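Remarks on the structure that follows.
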Amino acid sequence: MRADNTHHIIAAARQRHELTRAKAIQALRSLDADGSPVTFEAVAQAAGVSRSWLYAQPDLRAEIDRLRAARRRAPASPVPARQRASDASLLRRLETAQQRIQQLTEENQRLRAHLAQALGQQRSEHSGRGRTGHTGERAG
């Protein structure tokens with residue numbers, strides 16, 4: 001009678017499955033990080049797996065579909081999903097930009113007032129010199 005070696009076969013199949021999953025996940029991440037189109041064909045080719053196997057993995061299929069949909073919504077955005085700014089981050093950047101615009105507007109107003117004052121002083125000094133020019137005495 002032969003020994004039952006099915007547990008070795010099952011363990012080997014699980015190990016192959018996990019290795020294949022790891023390769024597929026790595027291929028997904030690499031394609032996304034590179035800004036390359038994430039398709040079933042591209043992932044299958046990069047990971048060395050079949051497309052039918054990818055379609056049979058619900059989580060991988062969902063991730064590929066999600067990345068494909070994200071690309072369709074923003075075709076000009078080659079930024080990987082994990083590097084894209086969140087709505088909260090974008091809102092904070094907008095608020096910061098608005099604060100900076102307000103600061104610069106106030107600074108411009110102060111500088112314009114200071115310039116107007118300096119030009120007024122220069123004009124009054126220049127007109128106080130009269131016709132003689134430099135001495136400050138008027139011709140008499």
Side-chain angles (χ1 to χ4, degrees):
M1 184 178 237
R2 296 187 131 187
D4 184 13
N5 290 326
T6 55
H7 66 283
H8 294 295
I9 296 170
I10 292 170
R14 282 192 186 128
Q15 187 176 9
R16 274 194 320 274
H17 178 76
E18 289 306 315
L19 179 61
T20 304
R21 283 185 59 74
K23 289 191 317 187
I25 291 168
Q26 182 59 42
L28 258 171
R29 289 180 182 159
S30 294
L31 289 169
D32 186 42
D34 294 343
S36 300
V38 178
T39 63
F40 286 93
E41 179 63 32
V43 174
Q45 189 173 25
V49 299
S50 69
R51 286 181 298 168
S52 61
W53 183 85
L54 286 173
Y55 283 113
Q57 308 305 308
D59 57 332
L60 295 176
R61 183 178 186 165
E63 183 64 9
I64 292 169
D65 286 338
R66 185 186 71 77
L67 291 171
R68 286 172 66 184
R71 288 248 185 245
R72 275 187 242 125
R73 282 193 306 269
S77 176
V79 179
R82 70 177 188 282
Q83 293 178 359
R84 292 186 194 119
S86 67
D87 289 344
S89 173
L90 291 172
L91 183 59
R92 180 67 186 130
R93 287 173 59 188
L94 179 61
E95 290 170 354
T96 302
Q98 287 174 330
Q99 289 173 354
R100 183 67 177 141
I101 289 169
Q102 182 63 36
Q103 290 170 350
L104 291 172
T105 301
E106 291 169 2
E107 183 180 357
N108 278 341
Q109 289 172 346
R110 283 192 306 273
L111 290 172
R112 284 181 179 154
H114 183 70
L115 179 61
Q117 185 179 14
L119 288 173
Q121 285 178 345
Q122 184 182 24
R123 184 176 293 148
S124 71
E125 288 174 3
H126 185 70
S127 66
R129 291 184 186 157
R131 291 183 182 168
T132 60
H134 304 299
T135 62
E137 298 174 12
R138 290 187 176 236

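Owing to the predicted nature of the structure, the values given are computational and were not obtained by experimental measurement.
Atom CZ of R93 has 12 or fewer heavy atoms from other residues, nucleotides or ligands within 6.0 Å. Other residues, nucleotides and ligands contribute only 12 or fewer heavy atoms inside 6.0 Å of the CG atom of D87.
The shortest non-hydrogen separation linking R51 to A44 is CG-CB, 3.8 Å. Taking both residues in full, the closest heavy atoms of L54 and A24 are given as CD2-CB, 4.1 Å, listed atom of the first, atom of the second, then distance.
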Discussion item. Pair Q45, F40 - check side-chain contact (heavy atoms from CB on, under 4.5 Å), show working.
Written reply: CA-CA 8 Å; Q45 189 173 25; F40 286 93; over 6 Å; no
Discussion item. Under the criterion side-chain contact (heavy atoms from CB on, under 4.5 Å), I'd like the reasoning laid out for E106 against R110: C-alpha separation, chi angles, the key distance, then a yes or no.
Written reply: CA-CA 6 Å; E106 291 169 2; R110 283 192 306 273; 3.9 Å; yes
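Annotation: the span from Y55 atom OH to D65 atom CG amounts to 8.0 Å, rounded to 0.5 Å. With rounding to the nearest 0.5 angstrom, the CZ atom of R61 is 12.0 Å from the CG atom of D59. To the nearest 0.5 Å, atoms CZ (R16) and CZ (R21) are separated by 15.5 Å. Between atom CD1 of residue I25 and atom OG1 of residue T20 there is a gap of 11.0 Å, rounded to the nearest 0.5 Å. Taking NE2 of H114 as the start and CD of Q117 as the end, the distance is 7.0 Å to the nearest 0.5 Å. Separating the CD atom in Q122 from the OG atom in S127 is a distance of 11.0 Å, to the nearest 0.5 Å.
The closest donor-acceptor contact from the side chain of D4 to the backbone of T6 lies under 3.5 Å.
Side-chain atoms of T105 and Q109 form no donor-acceptor pair, as typed in the model, at a separation below 3.5 Å. In this model, no donor atom of one side chain and acceptor atom of the other lie less than 3.5 Å apart for E125 and Q121.
Residues meeting the side chain to side chain contact (heavy atoms under 4.5 Å, CB included) test with E63, sequence neighbours left out: L28, R66, L67.
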